[in-house]
Amino acid sequence: MPTDVTQAISHVDAARLEQALLAGIANVFRQRDHINAINVFPVADSDTGTNLVFTLASVRRALENRPRGSLPDLLRGIADAALDGARGNSGAIMAQYFQGLSESGRDFEVLDGKRLAEVSTAGARSAWSAMSEPVPGTLPTVLEDFADELTRVAREGGDDIRELFRRGLERARKSLAGTPDQLAALRDAGVVDAGAQGFVDLLEGIWQYVRSGRMPRFAAEAAPPPSPGASGQAAPETHRFCTECLIEGERLDIAELRERLEALDASSLVVAGSERRARVHIHTDSPGAVFGLCGEFGELKQQKADDMTRQHGLMNHAGKVAIVTDSAADLPAEEIERLGIHVVSVRLNFGDEEFLDKLTMTPSQFYARLADSPVHPQTSQPPPADFRRQYELLTSHGLEVLGVQLSGALSGTLQAARQTAERVDPERIEVMDTRNAACGQGLMVLWAAEAAAKGWGRSAIRDWLTERRDSFKTFALTRDLSWGVRGGRIKPWMEKLARTLRLNPVLTASPVGVLAARGVIAGRKGTVDKFARYLLRRMDAGATYRVIISHTNAEADAKALRKRLLAGHPQVDACWVVEASPAVGAHAGPGALIAGMHVWQPPEQRHD
C-alpha cells in the first residue's frame, strides 16, 4: 500500500490484494463470537462465525505460505484454499464467491476500478448460482449490493480504488442492515444475517487497513457482546445433519450434480466449485445417501456430517464442561441425547470407499456389506479436522472440553485428539486416555457426562476417572479370531490354536490399554451361559453395577446375556444392550459379545 495512506490508489496487484485480504480475515477472526451469536438462518446453530473463520483460515494459510506470483495465480490459490476449508452454508457460498473472482480475473495482472467492479460482480453472480434455493436477505444479497455499488461508481468515472471501496462498503452496510426486512426469521429474532455480517466484517477489516496502512495482528481480542434473539430459535425437526464433502475429478458436471442432489429429501443445498473440484453443502437426515451420490461424480476427498440438533442443544448445555469421545465407545443412543455427549466418528474403509462409523455406515449396513465384500474393511482414526470442528464449536459456546478417548495403545485416535486440542485451545481442552475401548470406554464417557451435568469441573472429572480407571472393566467374547488376524490385531497362531481346541478367548483391557486374552470359554455350545457365569464370578455380590452389553450382529445372544446377568446379580443400576461399533466389528467379526461393567457411584451435585 502507499506510504501516504491518503494517496489515491489507481490499481490493486497481487501483493496489495494479499495484504488487504489478510487484514479483512483478521477482523472476521475478532468478530467470530458476535457472528455466532446472531446466527438464526437457515438453522440457529450458532456456528456461522466459526464456519467462516474455518473457511478463511484456510485462505490465510494459503496467503501466508504462497510464493510470489501473478494476480491470477493468487486468485486461483485463494479459490482453491476456500474450497478446501469451506465449512457450513456461508463458508461454501464464500468459496464460490472466490471461485467467481478467480475465473473472472484470470486474464488480469492488476485490477483498476472498472476491473475490480467486474470481478466483484462475477463473484456475486457465482455465489447466487451455488445456491439451490437462493434466499434474498442473506450473504449473496450483500455480495451483490456491494458489487453493484462498485459498478455504479466506476461507470460514473470513479477510478480511485480507495473511494470506490469506501462507497461499496457503505452500500454493503446498508444492505446488511436491510436483511431483516427481506427475511422474516431475522426480523423475528431482531438480528441481521450472520453470513452477511461476516462479509461486512471482512470489508471493514480491509477498510481499516486501507485507511491506516497498518496490518492488524491475528490475536484473540474481546468480541462485542452477543446479540439477543438467536437462542429462542427452535432446533431443526428434519434435515438435522449439516453434511459436506469435497469432490475431485475431471470435467465434473456441476449442473447435474446439483440437479441430482435437489431430488433428495434435503434443504440448504450449496454446490460450489468448478469442473475439477466441487464443495457440496446440504442439510439432510441421510448423509450416507449424499456421499454415495457425490461419489458417482468423482473422488471424495473430505466428508463430514454434523448434528445440528446437538449443536442447538449447546444453548441449554448443563454444566460448564462438554464431553467428547469417539465412535469406538459403545454408548446407548438415548444417553448420548440425554447427556449431550459429542461423538467423533472413526473412519471405515472398504477398499477406496470411506464411511463415517455409525453415521454413514450403520452396524446393519456394515454386516450386510461384510457378507458380500471381497475386501476386508479397515479402520482409521478421525482426521484432526473432525476434532477441530467439535472443539471450536464447543469452546465458542463458552464450554471447556474433556475428551474421553479410545485407548492410545489401540489406535492413533487419542494422539489426533490431543494434537488438535493443543492447536485449538490447550487452556480449555484436555484429552484423556481411557486405556479402554467399546463398552468400558462407553461407561467412562457416561460417568463423565453425568458428572459434567452436575457441575463438576474438567480437572475433577479427569482426576476421578484416572484414579478409578482400572475399575471400568471390558470383557469381549470372540468366537472367530480370523477377523482379528485379517485386521492385524491377532496373531495367526492364536487363531489356529483357538480353532483347533474349540476355544473362545475372552479379551479384556490390560492396565496399559492393550486388549489381551485373559481367559477362555471352551466348546461351541452354551457359550452365552458360560460367558454369563464368567462375568458373574467377577462381580462383587454386595456392589451395584452399571453394565453395557454390545454385540456384533448378535442381538439375541446379547439380550440372553443381559437376562442371565440380571438374574444372577440383581443389584444392577442399568444394563443396556447396544450394537457394537462397526469399527469393532471389523476386527471382532460377527457374533462377538462385549460386556462393560463398573461399580456404580453416581456423581454428587457440585457447585465448584
Side-chain angles (χ1 to χ4, degrees), residues 45-47 50 231 235 306-345 382 386-407 413-414 417-418 420-421 424-437 439-469 471-472 546 548 573-574 576 578 596 598-608:
D45 47 11
S46 299
D47 68 351
T50 299
S231 61
D306 293 334
D307 188 339
M308 295 181 293
T309 299
R310 172 63 42 74
Q311 292 174 353
H312 186 277
L314 292 175
M315 299 172 185
N316 301 307
H317 188 280
K320 57 187 178 182
V321 179
I323 302 302
V324 175
T325 190
D326 50 78
S327 63
D330 288 332
L331 289 160
E334 64 272 19
E335 293 302 290
I336 294 175
E337 293 292 331
R338 181 178 71 87
L339 295 169
I341 299 165
H342 302 272
V343 181
V344 177
S345 290
D386 288 7
F387 286 108
R388 186 182 186 92
R389 284 197 305 274
Q390 289 285 359
Y391 295 160
E392 289 183 336
L393 174 69
L394 296 168
T395 55
S396 71
H397 283 77
L399 296 167
E400 293 190 1
V401 177
L402 178 63
V404 185
Q405 308 297 160
L406 172 65
S407 171
T413 299
L414 173 73
R418 280 181 169 165
T420 307
V424 175
D425 192 341
E427 296 298 318
R428 293 194 289 168
I429 306 169
E430 183 175 2
V431 176
M432 69 168 291
D433 186 350
T434 62
R435 297 182 187 173
N436 217 316
C439 300
Q441 179 189 352
L443 288 169
M444 295 180 75
V445 171
L446 288 181
W447 195 95
E450 293 269 15
K454 291 190 176 181
W456 285 53
R458 172 167 52 89
S459 297
I461 298 172
R462 176 207 61 210
D463 290 346
W464 194 97
L465 287 175
T466 300
E467 291 171 6
R468 296 162 178 81
R469 187 159 40 196
S471 69
F472 289 83
R546 270 198 170 181
I548 298 177
D573 174 78
W576 295 277
V578 302
H598 81 108
V599 176
W600 173 236
Q601 296 176 301
E604 297 179 355
Q605 190 75 40
R606 292 178 65 154
H607 304 282
D608 295 347

- Task: Of all the heavy-atom pairs spanning Leu399 and Gly319, show the shortest one and how long it is.
- Result: CD2-O, 3.9 Å
- Which heavy-atom pair separates Met432 from Arg469 by the least distance, and what is that distance? CE-NH1, 4.2 Å
- Approximate separation, where rounding is to 0.5 Å, of Arg435 CZ and Leu465 CG: 12.5 Å
- CD/Glu337 to CG/Leu331 distance, rounded to the nearest 0.5 angstrom? 11.5 Å
- Indicate the ring-plane relationship of Trp464 and Phe472, choosing parallel, tilted or perpendicular according to the 30° and 60° boundaries. perpendicular
- Task: Using atom types as modelled and distance alone, determine if a side-chain donor or acceptor of Thr325 lies under 3.5 Å from a backbone N or O of Val404.
- Result: yes
- Glu400 side chain to Arg428 backbone, donor-acceptor under 3.5 Å: no
- What is the distance from atom CD1 of Ile323 to atom CD of Glu450, rounded to the nearest 0.5 Å? 11.0 Å
- Query: Which heavy atom of Gln601 sits nearest a heavy atom of Trp447, and at what distance?
  - Reply: O-NE1, 2.8 Å
- Message: Would the distance check show the side chain of Thr434 and the main-chain N or O of Gln405 forming a donor-acceptor pair, the cut-off being under 3.5 Å?
- Response: yes
- Task: Report the distance from atom CD1 of Ile336 to atom CG of Leu446, rounding to the nearest 0.5 Å.
- Result: 8.5 Å
- Item | Minimum heavy-atom distance between Ile461 and Ala451, given as atom pair plus value | CG1-CB, 3.9 Å
- Message: If you compare all heavy atoms of Gln441 against all heavy atoms of Leu406, which two are closest, and at what distance to 0.1 Å?
- Response: NE2-N, 3.1 Å
- Nearest 0.5 Å, what's the OG1-CD1 distance between Thr395 and Ile429? 5.0 Å
- Would you confirm whether Arg546, through its side chain, and Trp600, through its main-chain N or O, come within 3.5 Å as a donor-acceptor pair? no
- Distance col, row Asp433:CG vs Arg418:CZ, nearest 0.5 angstrom, shows 6.0 Å
- Message: Show me the pairs that pass salt bridge (Lys or Arg N to Asp or Glu O under 4.0 Å) and involve residues 325-334, at least two apart or across chains.
- Response: Asp330-Lys358
- Which atom of Gly596 lies closest to which atom of Cys439, heavy atoms considered: N-CB, 3.3 Å
- Query: Does a side-chain heavy-atom distance below 4.5 Å link Trp456 with Asp463?
  - Reply: no
- Task: Could you list the residues that satisfy salt bridge (Lys or Arg N to Asp or Glu O under 4.0 Å) with Asp386, not counting sequence neighbours?
- Result: Arg347, Arg389
